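Worksheet for the structure shown next.
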2 protein chains.
Amino acid sequence: MRAARRGWAEIAEEARRRIYRRDWSPGDLIPTEAALAVEWGASRGTVNRALQVLAAEGWLDRRRRAGTRVALHPTPPATFAVPLTRDEVERIGRRYGYALRRREVLAPPPGIAQRLEMGAAPGPALHVVALHLADGRPYAHEDRWINPAAAPGILDADVAAVSANEWLLANVPYSGASVSVGAEAAGPEAAEALGCAVGTAILTMDRTTWATAAGVTHVRTTYPPGHRMWSLP
Amino acid sequence: MRAARRGWAEIAEEARRRIYRRDWSPGDLIPTEAALAVEWGASRGTVNRALQVLAAEGWLDRRRRAGTRVALHPTPPATFAVPLTRDEVERIGRRYGYALRRREVLAPPPGIAQRLEMGAAPGPALHVVALHLADGRPYAHEDRWINPAAAPGILDADVAAVSANEWLLANVPYSGASVSVGAEAAGPEAAEALGCAVGTAILTMDRTTWATAAGVTHVRTTYPPGHRMWSLP
DNA sequence: TAGTGGTCTAGACCACGAT
DNA sequence: TCGTGGTCTAGACCACTAC
């Protein structure tokens, strides 16, 4: 039906159109790659690339021999960027500031030790509490634990000058992270730092980061009342 | 150095190893695709595929002519799945239930009308308030507005029997969504539905969904105290 | 067992942008 | 200008799985 198109991106776009126009309805089997390659005047490799993108986005379910079907619940996962706080602040055009509020070396509580895979009788860890500022006002409060075994040199780092996270990014290999968000009533320390009443509803984000095998750091970041995290477009 | 490897996935794995072992450090220029293809005994196309994956994950910055560099802040965005609530409940092994609490047709408040692109003098919209249950207990409370112009037939749908979201997924094309999360104090309606005190800190998720051009639905979902959203592994 | 998607290859041309 | 990544192609083989 269609004349020669150009590139896998345009092919993917055409396929998306067919899906949300219901030319291809949820559950439907769509033509094979070979057939679409002929129809669109492209090679099978190009069609394959386009359809793999749609499958990764959640629009299609593909299985060898069984063919490609339109997904029943085409709801692509939402993606939230969780960048370095400095970058996040500067990207919205505000001046970044950083203030260390507490630094201590002591054995972490059991929950933290478990997340950092420090064993049942954990040695001392670095505990850092700091405030990130945007145009001089509180932007985020962070309460961080760092496993010195996984981050050699951190105990000598000047975490008053550079945020612990930036030091880690520059100095420690990173292989993965787990993130969660939730709502909590502000505790005394966060409330005072963020300038709100104790008990106010605030957004909290927990992030645990690993190197190859060991847990490197666990951080709880809390944001002032009203803060929202937005998905990427 | 290395014997023939197999496939772009293994090549990507090897490249990731070099990055977090600091064989390739942040800011470094890495060898060209052609050079790596020779070293790894693969074709350039295979190396290209692997490096494109790493670039999409945030590990590499690639530019024509300038070559490929290791990113300075390699922090891949966290991805949260935002599935159909029914699927979410069933995936954690609990029995799903749904209870309609309110259904009315009236002009939406200005903020909602704006998100749904209904203009300055919006006509009536469908307002649905419902509760999702897991093993009979409140799992999520949703307050939803639907633009009937973008969802023809919704006014005749039986939203007491099937959740409005499921009806929409089955009947209305979907082209994109915007999601945000935040923390709020529970209002009277949500508090009563979720069985908590007014003012308790609860997680809220807003989602606006569009068809090709028009806004289809805006929903605010609130979760019981303590609920957390987790990133995908 | 046969049909479908997943992938690799070698070669080619193009687009971008550093120099 | 010209080196680098981005992409297309045609052909091939393989892996999975419905039949």
Side-chain angles (χ1 to χ4, degrees), chain A residues 1-16 18-19 23-72 74 76, chain B residues 1-16 18-19 23-72 74 76:
Chain A
M1 162 180 267
R2 252 150 258 284
R5 320 207 119 257
R6 308 222 175 110
W8 62 265
E10 286 190 45
I11 289 181
E13 200 47 51
E14 169 64 16
R16 268 188 280 261
R18 293 192 181 187
I19 292 170
D23 297 339
W24 296 339
S25 298
D28 277 6
L29 201 57
I30 75 170
T32 65
E33 294 183 349
L36 290 171
V38 170
E39 181 188 351
W40 283 326
S43 72
R44 186 169 78 90
T46 304
V47 173
N48 177 277
R49 174 78 187 255
L51 297 187
Q52 283 196 15
V53 169
L54 293 216
E57 290 174 355
W59 297 105
L60 298 176
D61 287 329
R62 320 193 75 207
R63 287 212 315 267
R64 286 161 156 131
R65 168 79 200 197
T68 298
R69 290 180 184 278
V70 178
L72 287 174
Chain B
M1 164 183 264
R2 253 151 256 282
R5 323 208 116 254
R6 306 222 175 111
W8 62 265
E10 286 190 45
I11 289 182
E13 202 44 53
E14 170 64 17
R16 267 188 281 261
R18 293 193 180 185
I19 292 169
D23 296 339
W24 296 338
S25 297
D28 278 4
L29 201 56
I30 74 171
T32 65
E33 294 182 350
L36 290 172
V38 170
E39 179 188 352
W40 283 325
S43 73
R44 186 167 79 89
T46 303
V47 173
N48 177 276
R49 173 80 186 253
L51 296 187
Q52 282 195 15
V53 168
L54 293 216
E57 290 174 355
W59 297 105
L60 298 176
D61 287 330
R62 319 192 74 206
R63 287 209 315 264
R64 286 159 155 134
R65 168 79 200 199
T68 298
R69 290 179 184 279
V70 179
L72 286 174

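Since the structure is predicted, the reported quantities are computational estimates derived from the model, not experimental observations. Note on naming: letters A, B, ... go to the chains in the order of the sequence lines (proteins, then strands), and numbering restarts at 1 for each one. Just so it is clear, the values below take in all heavy atoms, side chains as well, and ignore hydrogens, waters and symmetry mates.
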Rounding to an integer number of Å, can you tell me how far [X] [atom1] sits from [N] [atom2]?
| X | N | atom1 | atom2 | answer |
| --- | --- | --- | --- | --- |
| A:Arg44 | C:dT4 | CZ | C1' | 8 Å |
| A:Arg64 | C:dG5 | CZ | C1' | 6 Å |
| A:Leu60 | C:dT4 | CG | C1' | 15 Å |
| B:Trp40 | C:dT7 | CH2 | P | 18 Å |
| A:Arg62 | C:dG3 | CZ | C1' | 14 Å |
| A:Ile11 | D:dT7 | CD1 | P | 13 Å |
| B:Asp61 | C:dC16 | CG | P | 18 Å |
| A:Trp8 | D:dT9 | CH2 | P | 14 Å |

[X] and [Y]: which non-hydrogen atoms are nearest, and at how many Å?
| X | Y | answer |
| --- | --- | --- |
| B:Val70 | B:Leu60 | CA-CD2, 4.0 Å |
| B:Trp8 | B:Ala50 | O-CB, 3.5 Å |
| B:Gly7 | B:Thr46 | C-CG2, 4.1 Å |
| A:Leu36 | A:Pro31 | CD1-O, 3.7 Å |

Point to revise | Test log, rule side-chain contact (heavy atoms from CB on, under 4.5 Å), inputs B:Leu51 and B:Glu33 | key: CA-CA 8 Å; B:Leu51 296 187; B:Glu33 294 182 350; 4.2 Å; yes
**Study point:** DNA chain D: 5'-proximal contact among A:Arg65 and A:Ser43 (nearest heavy atom)
**Key:** A:Ser43
Review point. side-chain contact (heavy atoms from CB on, under 4.5 Å) between B:Asn48 and B:Arg62: does it pass, once the steps are laid out?
Key: CA-CA 11 Å; B:Asn48 177 276; B:Arg62 319 192 74 206; 4.0 Å; yes
Review point. Is A:Arg63 touching bases, backbone alone, or none of the nucleic acid, heavy atoms closer than 4.0 Å?
Key: sugar-phosphate
Review point. Under 4.0 angstrom, heavy atoms only, what part of the nucleic acid is A:Gly45 near: base, sugar-phosphate, or nothing?
Key: nothing
Exercise for review: Please list, by residue number, the residues of residues 47-56 of chain A whose heavy atoms come closer than 4.0 Å to an atom of DNA chain D; answer none if no residue qualifies.
Suggested key: none
Check your understanding: Can you check side-chain contact (heavy atoms from CB on, under 4.5 Å) on B:Thr68 and B:Leu29, steps first, answer last?
Key -> CA-CA 6 Å; B:Thr68 298; B:Leu29 201 56; 5.8 Å; no
**Study point:** D:dT9 phosphate, OP1 or OP2, under 4.0 Å from A:Thr46 side-chain N/O
**Key:** yes
Review point. Using a cut-off of less than 4.0 Å, is there contact between a side-chain N or O of A:Thr68 and OP1 or OP2 of C:dG5?
Key: yes
